[in-house]
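Values below: every heavy atom of this structure, side chains too, minus hydrogens, waters and symmetry copies.
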Amino acid sequence: MARKTFISYKYSESAFLRDRIISALREDAEYYQGETSDSEDMSDKTNQRIAENLKNMIFDTSVTIVILSPQMKKSRWIDWEIEYSLKAISRDGRTSHTNGIVAVIKKVNGDYSWFKKSNLDYHGNIACTYNMEKTFDIIAKNHFNSIPPRWHCDYCRTYDSLYGSYISFIEEDEFLSDPEKYIENAYIKSQEYIDNYEIQKTRG
């Protein structure tokens with residue numbers, strides 16, 4: 001089922017990937033609420049004007065897609081957008097629900113090693129670690145945060161890739177191959193399993 005979505009990203013690094021995600025949504029792209037290549041250039045607007053524009057885009061969505069890229073922490077808005085997505089906001093007599101969030105790891109120079117490292121666990125299966133210093137605290141603290149921990153392997157204490165974290169990290173190629181799968185996973189966690197996560201809703 002289609003969900004209303006918003007994409008949070010650093011424009012100079014990830015505008016092209018934003019467009020690829022919108023294209024991969026196919027007919028569900030009509031439910032996309034964020035910026036497109038045809039959007040008004042807001043770079044010369046005041047912070048207040050930009051914030052109000054973003055609020056209008058995010059408020060009515062149910063899933064936020066955040067693109068993880070090497071210089072994302074230089075963005076003035078990504079962590080603000082995630083915070084707004086996670087909070088219950090009241091406006092015009094309506095209150096928003098906490099958005100589901102899925103993070104897409106941008107491929108850089110053909111791979112994901114700038115952020116993701118893969119190792120073998122005790123059973124010879126792939127287990128991943130992430131360079132959390134490359135992303136915002138509000139994203140890092142909402143990864144590996146299921147309560148109780150939802151393991152892929154109880155013995156190895158490796159988290160389930162989709163349900164072990166409120167914000168799952170998905171490689172660009174994998175996400176583009178089936179965006180509905182990961183958007184729906186984020187939505188289900190926000191609706192049915194939200195009490196099973198220790199969610200950090202503020203940037204501080």
Side-chain angles (χ1 to χ4, degrees), residues 2-45 47 49-86 99-118 128 130-136 138-140 142-143 161-162 165 167-187:
R3 307 296 176 190
K4 290 184 178 180
T5 56
F6 174 84
I7 300 176
S8 179
Y9 65 103
K10 185 173 181 358
Y11 183 87
S12 61
E13 284 190 312
S14 301
F16 180 69
L17 180 51
R18 173 207 63 190
D19 291 344
R20 291 189 69 201
I21 290 172
I22 294 171
S23 177
L25 294 175
R26 293 176 293 187
E27 63 269 16
D28 290 348
E30 67 178 289
Y31 299 99
Y32 172 65
Q33 306 293 303
E35 294 177 324
T36 69
S37 56
D38 296 323
S39 295
E40 175 187 4
D41 181 4
M42 300 290 289
S43 59
D44 62 342
K45 308 302 181 185
N47 284 351
R49 172 84 180 277
I50 294 171
E52 287 304 313
N53 188 55
L54 290 170
K55 287 177 183 178
N56 290 337
M57 291 180 180
I58 298 170
F59 180 78
D60 200 35
T61 62
S62 57
V63 175
T64 297
I65 302 162
V66 56
I67 298 175
L68 306 182
S69 60
Q71 302 300 318
M72 67 180 297
K73 289 179 74 173
K74 293 183 178 180
S75 167
R76 292 186 300 160
W77 293 104
I78 291 176
D79 59 338
W80 182 94
E81 291 164 352
I82 300 304
E83 181 179 75
Y84 193 85
S85 296
L86 288 169
N99 270 22
I101 300 180
V102 56
V104 178
I105 309 170
K106 178 181 170 65
K107 183 190 286 188
V108 177
N109 298 324
D111 62 35
Y112 306 94
S113 59
W114 69 270
F115 183 72
K116 178 180 179 180
K117 306 293 183 185
S118 298
C128 301
Y130 303 97
N131 185 358
M132 295 299 194
E133 292 183 358
K134 289 288 189 178
T135 194
F136 292 100
I138 195 169
I139 295 173
N142 286 302
H143 191 76
S161 62
L162 290 182
S165 306
I167 301 180
S168 295
F169 296 162
I170 311 298
E171 293 180 358
E172 171 186 329
D173 288 335
E174 186 177 354
F175 183 86
L176 291 173
S177 71
D178 193 357
E180 183 180 1
K181 171 183 175 179
Y182 299 106
I183 290 170
E184 191 65 16
N185 172 258
Y187 178 80

Between [Y] and [X], is there a side-chain heavy-atom distance shorter than 4.5 Å?
{"X": "Ile22", "Y": "Ile7", "value": "yes"}
{"X": "Asn142", "Y": "Leu86", "value": "yes"}
{"X": "Lys4", "Y": "Asp60", "value": "yes"}
{"X": "Thr64", "Y": "Tyr84", "value": "no"}

Quick one: pull up [atom1] in [X] and [atom2] in [Y] and give me the separation to the nearest 0.5 Å.
{"X": "Asp79", "Y": "Ile138", "atom1": "CG", "atom2": "CD1", "answer": "7.0 Å"}
{"X": "Asn99", "Y": "Arg3", "atom1": "CG", "atom2": "CZ", "answer": "12.0 Å"}
{"X": "Ser75", "Y": "Ile67", "atom1": "OG", "atom2": "CD1", "answer": "11.5 Å"}

**Study point:** Worked verdict on Thr5 versus Ile21 for side-chain contact (heavy atoms from CB on, under 4.5 Å)
**Key:** CA-CA 11 Å; Thr5 56; Ile21 290 172; over 6 Å; no
Is it the case that more than 12 heavy atoms not belonging to [X] sit under 6.0 Å from its [atom1] atom?
{"X": "Tyr130", "atom1": "OH", "answer": "yes"}
{"X": "Glu133", "atom1": "CD", "answer": "no"}
{"X": "Lys116", "atom1": "NZ", "answer": "yes"}
{"X": "Asn109", "atom1": "CG", "answer": "no"}
{"X": "Lys73", "atom1": "NZ", "answer": "yes"}

Between [X] and [Y] (side chain of the first, backbone of the second, donor and acceptor by atom type, cut-off under 3.5 Å), is there such a pair?
{"X": "Ser165", "Y": "His143", "result": "no"}
{"X": "Ser168", "Y": "Ser161", "result": "yes"}
{"X": "Trp80", "Y": "Ala51", "result": "no"}
{"X": "Thr135", "Y": "Met132", "result": "no"}
{"X": "Ser85", "Y": "Glu81", "result": "yes"}

Check your understanding: Could you walk me through whether Val102 and Asn185 pass the side-chain contact (heavy atoms from CB on, under 4.5 Å) check?
Key -> CA-CA 8 Å; Val102 56; Asn185 172 258; over 6 Å; no
Work out which heavy atom in [X] is nearest to a heavy atom in [Y]; give both atom names and the distance.
{"X": "Trp114", "Y": "Lys106", "answer": "NE1-O, 2.8 Å"}
{"X": "Phe175", "Y": "Ile170", "answer": "N-CG2, 3.7 Å"}
{"X": "Met72", "Y": "Lys10", "answer": "CA-CD, 3.9 Å"}

Point to revise | Pairing of Arg49 and Glu52 as salt bridge, 4.0 angstrom limit | key: no
Practice item. Go through the steps for Arg18 and Tyr32 under the test side-chain contact (heavy atoms from CB on, under 4.5 Å), then give the verdict. Key: CA-CA 11 Å; Arg18 173 207 63 190; Tyr32 172 65; 4.2 Å; yes
Point to revise | Test log, rule side-chain contact (heavy atoms from CB on, under 4.5 Å), inputs Leu68 and Ile139 | key: CA-CA 10 Å; Leu68 306 182; Ile139 295 173; 4.2 Å; yes
Review point. For Glu171 and Lys107, what are the C-alpha separation, side-chain angles and deciding distance, and is it a salt bridge (charged side-chain N to carboxylate O under 4.0 Å, His left out)?
Key: CA-CA 7 Å; Glu171 293 180 358; Lys107 183 190 286 188; over 6 Å; no
Exercise for review: For the residue pair Glu172 and Tyr112, confirm or rule out a side-chain donor-acceptor distance under 3.5 Å.
Suggested key: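 There is no such pair (donor and acceptor under 3.5 Å, judged by atom type) between the side chains of Glu172 and Tyr112.
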Practice item. Fit a plane to each ring of Tyr9 and Tyr11, take the angle between them on a 0 to 90° scale, and name the class: parallel (under 30°), tilted (30 to 60°) or perpendicular (over 60°). Key: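 Rings of Tyr9 and Tyr11: tilted, 30 to 60°.
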